[in-house]
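This chain uses plain numbering: 1 for the first residue, then up along the sequence.
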Amino acid sequence: MSDTEFRPFETAFEKDTALGILRAALSGADDGEIFAERRVSESLLLDDQRIKSASYNASEGFGLRAVRGEVTGYAHSTHMTLDALRRAAETARLAVGDGGGTLADPPRPTNTRLYTDVNPISGTTFAVKLDLLREIDDFLRALDKRVVQVSVSMAASLQQIDILRPDGQQLRDTRPMSRLNISVIVEDSGRRESGSAGGGGRAGLEGMMAREHWQDIAREALRIALVNLRAEPAPAGVLDVVLGPGWPGILLHEAVGHGLEGDFNRKGSSAFAGLMGQQVAAKGVNVLDDGTIPDRRGSITIDDEGTPSARNVLIEDGVLVGFMQDRQNARLMGVEPTGNGRRESYAHAPMPRMTNTYMLGGDINAQDIVADLKDGVHAVGFGGGQVDITNGKFVFSCTEAYRVRNGKVVGPVKGATLIGDGATALTKIRAIGNDMALDPGMGTCGKAGQWVPVGVGQPTLLIGGLTVGGSAA
């Protein structure tokens, strides 16, 4: 695969010929495009003082989509040839049938650039990256003698896309991504606990490889592990819960955000279907999805249909005011696309997906919210969870949490899980902090077998009466 700039409609396909094939495939269709992609990625993992894996991958291909009503025809190939394009057109054309559709208006172009187009892989040699992983391991082991295992992962990628539409419009985007993650296991008196920290975004690796940056991440991972080392079993029951700012917004993303995607609401399978314009959350709750924040993990200059990303208000002062839309669902629901048509790769058709989903801050000091908690849990970090997208029911495990009594933090607890449903939790928000923060850049969202990078965020929140699962007597 060449390192030259990705220009598939100049090198692999002659543009006018490709355009003729696309137009024939979309005759009588409502929408469609050719989506071409090149992606290169590199990942390294050090675990237990050894390089466990190091990989470099490169791929390119295209997908051709034809849309008629609710039906989508999609065909893709790794062979960037006119023969493969013709076969894909014949296959996708089957969704159009006898036609009768009218092509939707094309996306509006944009000159906005939200991130650099520099390849984050090529800026630093492989040997330097390996040395850094070992340096991080040495640093943590020297920092605390209770450290018994360190895992450090570093990943970077560059995605280049080129979209050709039947009107001849061509839209391009070059998307870098990088991430550094550190996990540590500590042991004391036979007890072992873990902690992890990390993040990244649409930028090069240089900033993350700076000593002051990775040392802060390493210390944070160690801090969490040591907190868990002295944690007591979590209580169980219905308790008031304070959620910390930033990454705990993953609960909002999973339990609420998916329910605000257009396809689930068009099909009536979302807990929010039919509630547009109604009060669905406590007063003061404002939820947005914003793909326009520079350099953020979930940001996109254009979505994977060519629509510019946007700052979309979903819930305003507790009232449902918007859904996230791709082009197909927007047309079927009689609204405008919102720049949320995303796909994992050229091998996948787009669908409505989140970008950076977060709740705006309020006007209460976070310390005052904790001080007002009579008996409950302060959840600062989250790990894995399960969510039923159709009804918002969730179970999330806490990676860092504290028991609070009479406004005082009693101590850390372990094994806490939060159980509830997103729609109900929104109505039980009793206090919103003034410390809204975005996560450090670590989210990946799955839907219908497709995975895309996302961002989350929120301020400190007090939610009344959540079910807490724990093992304390």
Side-chain angles (χ1 to χ4, degrees), residues 241-291 298 311-325 329 338 340 342 351-362 379 382 384-396 398 417-433 436-439 443-447 452 454-467:
V241 175
V242 172
L243 302 179
W247 177 242
I250 187 63
L251 193 154
L252 175 75
H253 166 103
E254 294 288 2
V256 177
H258 279 294
L260 299 179
E261 292 168 336
D263 49 352
F264 293 125
N265 287 277
R266 177 175 63 81
K267 297 172 184 177
S269 58
S270 167
F272 298 98
L275 299 181
M276 185 64 70
Q278 298 185 33
Q279 195 84 26
V280 297
K283 297 284 287 183
V285 171
N286 297 282
V287 178
L288 292 79
D289 184 87
D290 187 356
R311 184 179 186 270
N312 297 301
V313 180
L314 307 175
I315 298 175
E316 186 172 21
D317 198 22
V319 177
L320 180 61
V321 297
F323 296 129
M324 291 166 278
Q325 304 284 4
N329 282 279
T338 60
N340 291 92
R342 305 187 66 187
M351 66 180 84
R353 304 294 301 271
M354 285 173 273
T355 58
N356 303 298
T357 309
Y358 57 92
M359 184 185 299
L360 295 181
F382 284 100
Q386 294 181 332
V387 178
D388 185 332
I389 293 173
T390 60
N391 55 30
K393 291 184 178 180
F394 61 81
V395 178
F396 273 92
C398 299
T417 59
L418 303 185
I419 305 167
D421 71 86
T424 301
L426 282 176
T427 66
K428 292 184 175 182
I429 294 175
R430 300 208 306 247
I432 303 174
M436 199 289 286
L438 296 172
D439 76 286
T444 301
C445 174
K447 177 181 176 181
V452 296
V454 295
V456 301
Q458 68 173 40
T460 295
L461 298 175
L462 171 60
I463 302 179
L466 272 184
T467 299

Next item on the list: For A282, check side chain to side chain contact (heavy atoms under 4.5 Å, CB included) against everything at least two apart and list the hits.
Entry: V285, I429
Margin query: Donor-acceptor check, side chain of N265 to backbone of G259, threshold 3.5 angstrom: yes or no?
Written below: yes
Check: So do T357 and V256 actually touch side chain to side chain, heavy atoms under 4.5 Å?
Finding: no
Note to self: Let me confirm one number: the CG-CE distance from L288 to M359, rounded to the nearest 0.5 Å.
What the structure shows: 10.5 Å
Check: About how many Å separate CE of M276 and CZ of F323, when rounded to the nearest 0.5 Å?
Finding: 4.0 Å
Next item on the list: Only counting residues at least two apart or in another chain, list the ones meeting side chain to side chain donor-acceptor pair (under 3.5 Å) with Q325.
Entry: none
Note to self: Could you report the tightest heavy-atom contact between I432 and L360, atom names first, then the distance?
What the structure shows: CG2-O, 3.8 Å
Margin query: Are the side chains of V280 and I315 in contact, using a 4.5 Å heavy-atom criterion?
Written below: yes
Note to self: To check you understand the geometry: which heavy-atom pair defines the closest contact between L426 and F272, and what is its length?
What the structure shows: CD1-CZ, 4.0 Å
Next item on the list: Identify the heavy atoms of F264 and H258 that sit nearest to each other, and give their distance.
Entry: CD1-O, 3.2 Å
Under 3.5 Å, which donor-acceptor pairs do the side chains of residues 456-467 form with other protein atoms, sequence neighbours left out?
unit_1 : atom_1 : unit_2 : atom_2 : d
Q458   : NE2    : G244   : O      : 3.0
T460   : OG1    : D435   : OD1    : 3.4
T460   : OG1    : D435   : OD2    : 2.7

Note to self: Enumerate the salt bridge (charged side-chain N to carboxylate O under 4.0 Å, His left out) contacts for residues 269-280, please, sequence neighbours excluded, ordered by first and then second residue.
What the structure shows: none
Item checked: Residues forming a side chain to side chain donor-acceptor pair (under 3.5 Å) with N356, sequence neighbours excluded -> S299
Checklist line | Backbone of G246 reached by a side-chain donor or acceptor of D439 within 3.5 Å | finding: no
Item checked: CG-CE distance between L260 and M324, expressed to the nearest 0.5 angstrom -> 5.0 Å
Check: How would you list, by chain and number, every residue that makes a salt bridge (charged side-chain N to carboxylate O under 4.0 Å, His left out) with E254, sequence neighbours excluded?
Finding: none
Item checked: Donor-acceptor under 3.5 Å (D289 side chain, N312 main chain) -> no
Next item on the list: Name all residues meeting the salt bridge (charged side-chain N to carboxylate O under 4.0 Å, His left out) criterion together with K447; count only those two or more places apart in sequence or in a different chain, and write none if there are none.
Entry: E261, D263
Check: At their closest point, which heavy atom of L243 faces which heavy atom of P248, and how far apart are they?
Finding: CB-CB, 4.5 Å
Check: With sequence neighbours left out, which residue pairs that include part of residues 417-432 fulfil the salt bridge (charged side-chain N to carboxylate O under 4.0 Å, His left out) condition?
Finding: D240-R430
Next item on the list: Please identify each residue that fulfils ring-ring contact (aromatic ring centres under 6.0 Å, His included) with F382, with sequence neighbours left out.
Entry: F396
Margin query: For A255 versus V387, what's the shortest heavy-atom pair and its separation?
Written below: CA-CG1, 4.1 Å
Checklist line | Residue pairs fulfilling side chain to side chain donor-acceptor pair (under 3.5 Å) with at least one residue in residues 276-288, sequence neighbours excluded | finding: K283-D317
Margin query: My understanding is that only residues two or more places apart in sequence, or in another chain, count here; which of them pass side chain to side chain contact (heavy atoms under 4.5 Å, CB included) with T427?
Written below: T424
Checklist line | Closest approach of L418 to A379 (non-hydrogen atoms, all atoms of both residues) | finding: CD1-CB, 4.4 Å
Next item on the list: For Q386, enumerate each residue passing the side chain to side chain contact (heavy atoms under 4.5 Å, CB included) test, keeping only those at least two apart in sequence or located in another chain.
Entry: none
Notebook entry, point to check: Do M354 and R342 come within less than 4.5 Å of each other through their side chains, counting heavy atoms only?
Noted result: no
